[in-house]
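Heads up, the thing below is written out as structure tokens.
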Amino acid sequence: MSSGATARPDQVSLGVLVSSVPRDVVDAAVAGYGAGAKRSDGKLPPHVVAYLTMALCLFPGDDYEEVATKVTGSLSRFGCWDASWTVPTASGITQARKRLGGTVMAEVFEGVAQAVATPDTRGAWLRGRRLVAIDGFEADLPDTPANAAEFGYAGSGNHRSAYPKARVVALAECGTHAFLAARVGACGIGEQTLARGLYPRLLGDELLTADRNFYSWDAWDTASRTGAALLWRAPGRLALPVARVLPDGTYLTVLVNPKVRGAGRRERILAAAEAGHEIRPEEAHLARVVEYDVPDRDGNGAGELIALLSTVTDPAEARADELAAAYHERWEEETANDQLKTHLRGPGKILRSRLPELAHQEIWAWLTVHYALSVLIARAAEAADLDPDRISYSRALRIARRTATGTAGFSPSGLD
């Protein structure tokens with residue numbers, strides 16, 4: 001489904017996948033990684049395997065043959081399945097997934113993931129800037145020697161996790177919960193490390209929100225050079241000298257590169273910022289600080305001081321209260337993570353792939369299915385003039401699963 005399409009009753013479930021993940025994108029990914037069909041009988045060609053892999057993520061509780069049986073009708077309607085073929089066996093699907101490899105589905109996701117929100121999407125914008133967030137989560141994998149070697153366990157000793165874990169860090173569109181880009185690695189790789197590969201993906205019309213654990217000078221430097229606006233929570237240990245107090249009570253500070261040594265050099269940089277002179281970007285960055293209290297949830301009268309850093313230094317471009325509200329939209333990615341792990345995958349469930357290459361394949365297919373459902377929900381919300389948050393993800397998912405077997409229809413009004 002393209003970003004401007006309207007959901008139709010016959011375009012749910014596998015229809016959503018086929019229209020949100022067009023055949024030409026799948027074919028291009030297959031060709032790019034040399035994963036073409038290798039069987040002479042023509043069964044389970046790569047594009048069918050790609051859609052079946054996504055279907056496996058849509059029906060995580062069913063085995064291979066059951067999923068294939070459920071979705072071949074939908075695939076046939078969209079020209080992805082030859083009616084003369086028989087439903088493949090579990091071993092046949094496994095072998096076909098191995099032939100497809102671990103990188104094709106990553107390329108498929110990259111080929112379809114794009115901004116979903118339109119100017120009419122509620123909760124997606126701050127004065128023309130698209131709100132995006134960066135966050136991470138872990139995915140449990142089958143406890144096999146190969147997965148353990150590739151991904152590792154969280155913790156150690158008596159506190160070691162029961163299953164190997166993959167770490168995923170993703171950029172998500174706050175207004176629609178759609179994942180726009182991601183990096184996947186072992187659980188021993190930190191979120192900051194994986195995030196480095198995502199900052200170059202930022203666009204000039206975006207405002208990136210991030211929690212305090214993502215801050216480092218190098219990360220801020222890399223992200224700000226993309227031209228995107230930044231709104232990150234400052235870690236408590238970070239010194240924020242006051243360079244200039246602004247009329248709205250916020251103030252400008254200087255973020256100094258840790259490689260700049262010596263108090264004298266740092267003082268000269270701060271003095272230049274106080275005087276309104278330009279500072280060298282390889283040495284420091286000017287940022288606006290927005291501070292506010294959050295009342296203690298226990299009701300004891302204490303409050304938590306939150307300090308936000310932003311590249312939006314002019315109060316005329318965004319008021320302090322607007323920036324504070326925009327930062328809290330970052331929690332929409334937490335909602336996206338919950339949709340992915342609790343609803344689409346199922347609470348406490350592990351992924352099904354016992355080999356690392358297939359685990360990578362499955363994670364990217366999982367992200368792609370979530371993206372397709374996010375597009376569906378966003379278009380339904382627009383049709384009903386609602387914030388996408390008002391659309392029940394659980395209900396949308398139930399309808400999508402039912403329609404995969406041709407047992408339910410869909411209309412935008414049926415999702416609220």
Side-chain angles (χ1 to χ4, degrees), residues 122-135 174-175 202 204-217 219-221 223-258 260 263 266-281 283-334:
R122 298 187 184 185
W125 306 91
L126 174 61
R127 296 203 189 187
R129 290 187 171 99
R130 186 184 305 273
L131 298 177
V132 297
I134 190 167
D135 202 3
C174 294
L202 294 171
D205 66 344
E206 294 174 339
L207 188 153
L208 175 67
T209 62
D211 200 6
R212 54 190 165 190
N213 61 300
F214 283 95
Y215 179 83
S216 71
W217 193 89
W220 183 271
D221 179 63
S224 63
R225 288 176 184 271
T226 66
L230 307 183
L231 182 62
W232 296 11
R233 185 173 177 180
R237 67 183 184 280
L238 185 65
L240 299 174
V242 178
R244 192 186 324 153
V245 177
L246 300 175
D248 66 345
T250 62
Y251 63 91
L252 298 183
T253 192
V254 179
L255 305 174
V256 182
N257 188 338
V260 174
R266 288 173 173 265
E267 288 173 356
R268 285 194 295 273
I269 292 171
L270 179 58
E274 291 173 344
H277 300 318
E278 290 189 6
I279 54 180
R280 297 171 62 184
E283 291 185 334
H285 289 290
L286 199 65
R288 180 176 169 200
V289 181
V290 179
E291 294 181 335
Y292 59 96
D293 288 305
V294 175
D296 187 85
R297 293 178 181 176
D298 293 333
N300 61 11
E304 180 185 11
L305 179 65
I306 291 180
L308 302 180
L309 300 172
S310 182
T311 58
V312 183
T313 56
D314 186 352
E317 293 186 23
R319 301 188 310 271
D321 63 307
E322 290 178 303
L323 290 174
Y327 174 74
H328 284 275
E329 290 296 320
R330 182 190 69 80
W331 290 101
E332 296 296 342
E333 181 157 359
E334 296 284 348

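All values reported here derive from a predicted model rather than from experimental measurement. Along the sequence shown, residues carry numbers from 1. What you see below is based on every heavy atom in this structure, not just the backbone, and it leaves out hydrogens, waters and symmetry mates.
Between Ala229 and Thr311 the shortest heavy-atom distance is CA-OG1, 3.3 Å. Considering every non-hydrogen atom in both Val245 and Tyr251, the closest pair reads CA-CB, 3.9 Å. Between Ala133 and Leu208, the closest heavy-atom pair is C-CD1, 3.9 Å. Between Glu274 and Val242 the shortest heavy-atom distance is OE2-O, 3.7 Å. The two residues Ala273 and Val254 make their nearest non-hydrogen contact at CB-CG2, 3.4 Å.
The distance from atom CG of Leu286 to atom OG1 of Thr253, rounded to the nearest 0.5 Å, is 8.0 Å. Between Arg266 atom CZ and Asn257 atom CG the span is 8.0 Å, to the nearest 0.5 Å. To the nearest 0.5 angstrom, Leu230 atom CG is 14.0 Å from Arg288 atom CZ. The structure places CG of Leu202 at 7.5 Å from CD1 of Ile134, a figure rounded to the nearest 0.5 Å. Rounding to the nearest 0.5 angstrom, the gap separating the CZ atom in Arg212 from the CG atom in Leu309 is 12.5 Å. Taking SG from Cys174 and CD from Glu333, the interatomic distance works out to 7.5 Å, rounded to the nearest 0.5 Å.
Residues passing the side-chain contact (heavy atoms from CB on, under 4.5 Å) test with Arg122, sequence neighbours excluded: Asp385, Asp387. In this view, Arg268 satisfies the side-chain hydrogen bond (donor to acceptor under 3.5 Å, both in side chains) rule with no residue, not counting sequence neighbours.
With contacts defined as side-chain heavy-atom distances shorter than 4.5 Å, the pair Leu231/Val312 does not qualify. Looking at heavy atoms from C-beta onward, Leu126 lies out of side-chain contact with Glu329 at the 4.5 angstrom threshold. Side-chain contact check for Trp125 versus Arg130: some heavy-atom pair is nearer than 4.5 Å. In this structure, Leu238 and Leu255 have side chains that are in contact, with non-hydrogen atoms separated by less than 4.5 Å. Between Val256 and Trp217 the shortest side-chain heavy-atom distance does not fall below 4.5 Å.
Side-chain N or O atoms of Glu322 include one that pairs as donor or acceptor with a backbone N or O of Arg319 at under 3.5 Å. In terms of modelled atom types and a separation under 3.5 Å, the side chain of Thr313 and the main chain of Ala287 share no donor-acceptor contact. The closest donor-acceptor contact from the side chain of Thr209 to the backbone of Tyr327 lies at 3.5 Å or more, if one exists at all. Of the possible polar contacts, one joining the Ser224 side chain to the Trp220 backbone as a donor-acceptor pair under 3.5 Å is found.
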Derivation of the side chain to side chain contact (heavy atoms under 4.5 Å, CB included) call for Val260 and Arg280: CA-CA 11 Å; Val260 174; Arg280 297 171 62 184; over 6 Å; no

Side chain to side chain contact (heavy atoms under 4.5 Å, CB included) assessment of Asp211 paired with Asp135: CA-CA 8 Å; Asp211 200 6; Asp135 202 3; over 6 Å; no

Test side chain to side chain contact (heavy atoms under 4.5 Å, CB included) applied to Val132 and Leu207, step by step: CA-CA 6 Å; Val132 297; Leu207 188 153; over 6 Å; no

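Screening residues 225-237 for side chain to side chain donor-acceptor pair (under 3.5 Å), with sequence neighbours left out, gives Asp221-Arg225, Arg233-Glu304.
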